[in-house]
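Chain naming here is simple, since letters A, B, ... match the order of the sequence lines and numbering starts at 1 in each.
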Amino acid sequence: MKVAVIVFPGSNCDRDMYHVLTDVFDLDAQYFWHEKGLPKNIDAVILPGGFSYGDRLRAGVIAAHSPIIKDVQKMSEKGIPVLGVCNGFQILVESGLLPGVLLKNESLNFMCEWTDLVVENNKTPFTNQFKKNEKIPIPIANGEGRYFADDDTLKHLKKNNQIVFRYGNSVNGSSNQIAGVCNEDGNVVGMMPHPERAVESEINPKDSKPSSLIFESLLTEMGVGN
Amino acid sequence: MATFNVHVIIENKPGISDPEGETILNDLVLKGTHKTVSKIKAAKMLKFTIREKDKDAAQSKVQDICDDLRIYNPMVSKVTIQVFEE
Amino acid sequence: MATFNVHVIIENKPGISDPEGETILNDLVLKGTHKTVSKIKAAKMLKFTIREKDKDAAQSKVQDICDDLRIYNPMVSKVTIQVFEE
Amino acid sequence: MSLDEQELSELKSKIGREPTSTELNIVAAEWSEHCSYKSSKRHLKMLPMTGPLIINEKGYDSGVLDVGDGYVVTAHIESHNHPSAVEPYGGAATGVGGVIRDILSAGTRPIALFDGLRFGDVEKDLQARWLFKNAVTGVADYGNCLGIPTIGGEVEFDECYENYALVDVAALGFGKKENLIKNHAKKGDLVVLMGGSTGRDGIGGSQFASDSLESENRSAVQIPDPFIEKLIIEAVLEARNGNLIHAMKDLGGGGLSCAVSETADALEIGIEMDVNKVHARESDMVPEEIMVSESQERMLIITSPAKLKKLEKICKKFSIACSVIGHVKFDSHMHVKKGKKTVAHLPTGVVANATLLDLPSREPEYLKTIETEKKFRPISNCSKTLMKLVASPNIASKIWVYQQYDHEVGIRTVVKPGSDASVLRLDNGKYLSAKIDGNPKQCYINPREGAIGCFEEACRNVVCTGARPIGMLDHLQFGNPNDPEIFWTFLESLKGLTDFAKFFEIPCVGGKVSLFNETPVGPIKPTPVIGVLGLIEKKLHRPQKTSKGDYLIIVGDTKDEMGGSEFFEYVHKFVGGKCPVVDFEDSKKHMDSVLNLIDGDLVKSVHDCSKGGLAVAASELCMTNQIGCDISLDKVPNKNLADDRILFSESHSRYILTVEKKNLKASENFLKENHVSFKRIGKFGGENIQFSNKGKSVIDLRVDKAKKAWLNSLRELIIDGKIRT
Ligand SMILES: Nc1ncnc2c1ncn2[C@@H]1O[C@H](COP(=O)(O)OP(=O)(O)O)[C@@H](O)[C@H]1O
Ligand SMILES: [Mg+2]
């Protein structure tokens, strides 16, 4: 099974994600430059974090127009799991694959700190190994990480069980403390925190198991899990 | 064809919070000076230089660009477009 | 006393590069079909609501605030202030 | 920007004719203090620069250390003081950009950043607050965008930086030894300029850095573009992997003038180039402007015609401009043309080697009396004093700063900012620890001992993580060197650093000199900033959480050397007294012993004692571990000092160890056997930070109250304008 890691000009967590997929979870991962197309044999797509196009205009908006996004969209329509982390989430939102927007943090500053996530939806390809309300210690690192959606959208999200992760406490002022959402079908997931920074105990000052479940969920989804 | 300067102002829709404007206002309030200011709103501006046949064409072209390319995010912001002849 | 809307536009001085405008032009606008655009300059805008006795007072008050709070650095940016009556 | 009369006649006699205006500009840029080190170079040679781990290659802008298994670590330090003092955001950001390119030019990937920030009195001075806030944002925006973690640094405020800013940035790189660029050039090789376009911004920057700030030339602001820099990094590394780079240099101070002349000089080649081929931002730039422009985010690369196609393809992929501006010759000249017309033709040896100065030095007058102490009334309420110190800008936690920096990207950061030193994991299973430290208050009182103290403090911080120091970076920042008194302080600091480096066999792997740091009211205090790299060869011993019943041991003597301490300067508003002195033998013994204890898993954690002394160091432990302690001052090894001196003395070579009961005997025995001066001074537990002397309470402070002040005061000061606690 093959996981595509999409690289945009300015992506900077691509190598971290690749390391985790290959060295930690023994997956077959491959980089794809944003101008390329995606081959048919891809089983999952990951948009890593970073500052695509220097976050100019708005985080994610320029990358959302990259040629490869059309292929990501096609894959997502086929039900293939797609995960956007941080800037990847911003790109998914700006390209309309996920609802809502990500605004500047209330502090107006970049924020790099550890926080707790709460799993709201454990039915997605990236959360199927969690219990509902399970906690995940995980770091955030973003300047535009405040999830916002208007009331109608929020209502819809709740009804459809599209809120995947919430923060344990209010870190940046996001609507309903939302940290991650999915599309209506549940196969496209976006999250602001960085699971790839939390799955190795060596660099995780708290507990690396919960974050690992995000990737183990993917393995299970693909039928290669334990 | 003529050259036009088109100003695009992107700002939050009414009802959407604007921490940046508020912070600057708070700074003023905190310092206790300049009490005559009652509101500050932060916005972003893009100045386009564009060649089109007339003002209207310039206006609608830039409007298209803004919509097409999502120069603004319609969920939270609105744009105002002003065209100036060179 | 009257209420004024004062627009403050902060942009890089001429001759100083504007990486944001360039990226928006080259990586977004020109990559599409909108080839008539030749330049984009990014700027920041602040909209003040202020009560002062007249237009001039509003103008100079806002200028003072921008200088006081160091809303822009005259080394790199210039500021344009426009006053509108409510 | 110009040459002085003597330099002009020297140039004329060396080339045997009148220089052209382009030549004048090129030479003025290259002979500026910033590029040529003309005042300092002959003295810098005293520093030990070789060692078993050091790899020396011509033309490197960064130090290279062999960390085994085919891997190298590169390191460099820079400052961007003058630009940051007038445009803190852009100045700090482009400072980061510059030091990153030095790492990149060796062919290694930048993996970490450090920032040392110094400003005026942030409590009183609004300008200082503005400078600080914007410099932090500048570092954050640049480093974060590149995806290079900023994992450490320091922040300090002192009146001597009023209306000024010191922004130091250090960077570390990592890579395979076999991928290092072996700077060389072959016949027919091409000279390529890659990256951002050349514009008028930043013209005269290096000259600017060599003038004092009062001078008029303030046009040298540079606009940071981290996005291009990120693309350059990826493009260069891809080109390196393809073996497409024969030689490489980043464009920094002095722009093309320096890059071309220094590359040619280092490789013993000539370079012929055409300014018309340089991709410029404005069409009407004259040759001298193109040659001295310090526009950011540019690299000079020497490659062969055969490899050029591949290089161009990589540049195209990343949308970065890449122009062939010239070619390699073997006449040791730099030949600058505009189209067919020659605008400069100079021997590179002349351009790149300014005549070194031998400036006079004289011991400053003020030093004769500085050690005399004023009489102080003893502090009646030490709890209050400790609380005040914990919330003071220099001692308060810098969390408001480092949380704005992405310090985890790259997933190497094993020990994160907030500890004594940060630790990175390397691909060969080893760990790299690093920290930068400065102490202008001590260096002002005693430039020599102060500098040694900075060096030792950086070592101590690294040792606290269990790493053995393997290399040092020095950044020497002083006022106008033409003032013999200032130059004397420069020499003293340098001699101190040299002695320490030699004694401890820690080679200097890189450095930088920044002179002419003058504020409107005078020179800055001597401000050497020292970076130390340490290596953990085997197992990493992560600091463990302190719990109830753990013991506190202090290693090292607490002495009556309060000069430059926060206690004297912040509490008593007194500048003077005796500067702490490092005893080399003790220092070494303590380092070795602490490393041994960590290696043997006998201690839970080690923290160094520095700013604010024992009282602050112990409080920091309590606050970060959310636990109280009970410490007996009468047990602290000292010679009959008053309580407030034991609490707040900043004597060097001291560590505080947290030890579990079961390891107490073994640790104490080990220290005894190694003749280390130490004492068990306290025990953890409860909710209060308590110090007593012979049973009489001296300090009693709630941990949570202290912690709140310590964590929040800096942010409150910057955002709200005052400390609320
Ligand atoms: N400007 C900064 N950038 C990043 N980290 C910083 C900065 N200033 C301080 N820190 C971090 O805060 C912690 C305390 O710093 P400092 O007080 O200088 O420590 P020490 O006294 O041990 O030298 C360290 O982990 C340091 O790296
Ligand atoms: Mg320390």
### Query
Are A:Phe8 and A:Tyr53 close enough that their ring centers fall under 6.0 Å?
no

### Task
Before accepting this row, confirm whether a basic side-chain N of the pair D:Glu408/D:Lys416 lies closer than 4.0 Å to the acidic partner's carboxylate O.
yes

#### Entry: chain D contact via A:Pro9 - which portion, at a heavy-atom distance below 4.5 Å
both

### Task
Find the one option among D:Arg109, D:Glu234, D:Arg412, D:His407 whose heavy-atom pairs under 4.5 Å with chain A are most numerous.
D:Arg109

### Query
Between D:Asp406, D:Asp225, D:Val414, which residue shows the highest count of heavy-atom pairs closer than 4.5 Å to chain A?
D:Asp406

### Message
Report which part of A:Arg15 has an atom under 4.5 Å of a heavy atom belonging to chain D: side chain, backbone, both, or neither.
### Response
side chain

### Task
Identify which part of D:Tyr142 has an atom lying under 4.5 Å from any heavy atom of chain A, answering side chain, backbone, both or neither.
neither

### Message
Centroid separation under 6.0 Å, is that true for the rings of D:Phe174 and D:Tyr71?
### Response
yes

### Summary
Of all heavy-atom pairs linking A:Ser52 and A:Ile91, the shortest is OG-CD1, 3.9 Å

### Task
Can you measure from CZ (D:Arg715) to CD1 (D:Ile718) and round to the nearest 0.5 angstrom?
11.0 Å

### Message
Please check this pair: side chain of A:Ser211 against backbone of A:Val199, looking for a donor-acceptor N/O pair closer than 3.5 Å.
### Response
no

### Task
Sort D:Leu146 into side chain, backbone, both or neither according to what part of it lies under 4.5 angstrom from a heavy atom of chain A.
backbone

### Query
Which bit of D:Ile411 comes within less than 4.5 Å of chain A, counting heavy atoms only: side chain, backbone, both or neither?
both

#### Entry: Salt-bridge present (D:Glu297, D:Lys230; N to O < 4.0 Å)
no

### A:His19 versus chain D, the contacting section by heavy-atom distance below 4.5 Å
side chain

### Task
Pick one of side chain, backbone, both or neither for D:Arg542, based on which atoms fall under 4.5 Å of a heavy atom in chain A.
side chain

### Query
Run the salt bridge (Lys or Arg N to Asp or Glu O under 4.0 Å) check on A:Glu106 and A:Arg146 step by step: do they pass?
CA-CA 7 Å; A:Glu106 227 165 34; A:Arg146 178 162 60 104; 5.1 Å; no

### Query
For D:Asp141, is it the side chain, the backbone, both, or neither that has a heavy atom closer than 4.5 Å to a heavy atom of chain A?
neither

#### Entry: Part of A:Ser11 lying under 4.5 Å from any heavy atom of chain D
backbone

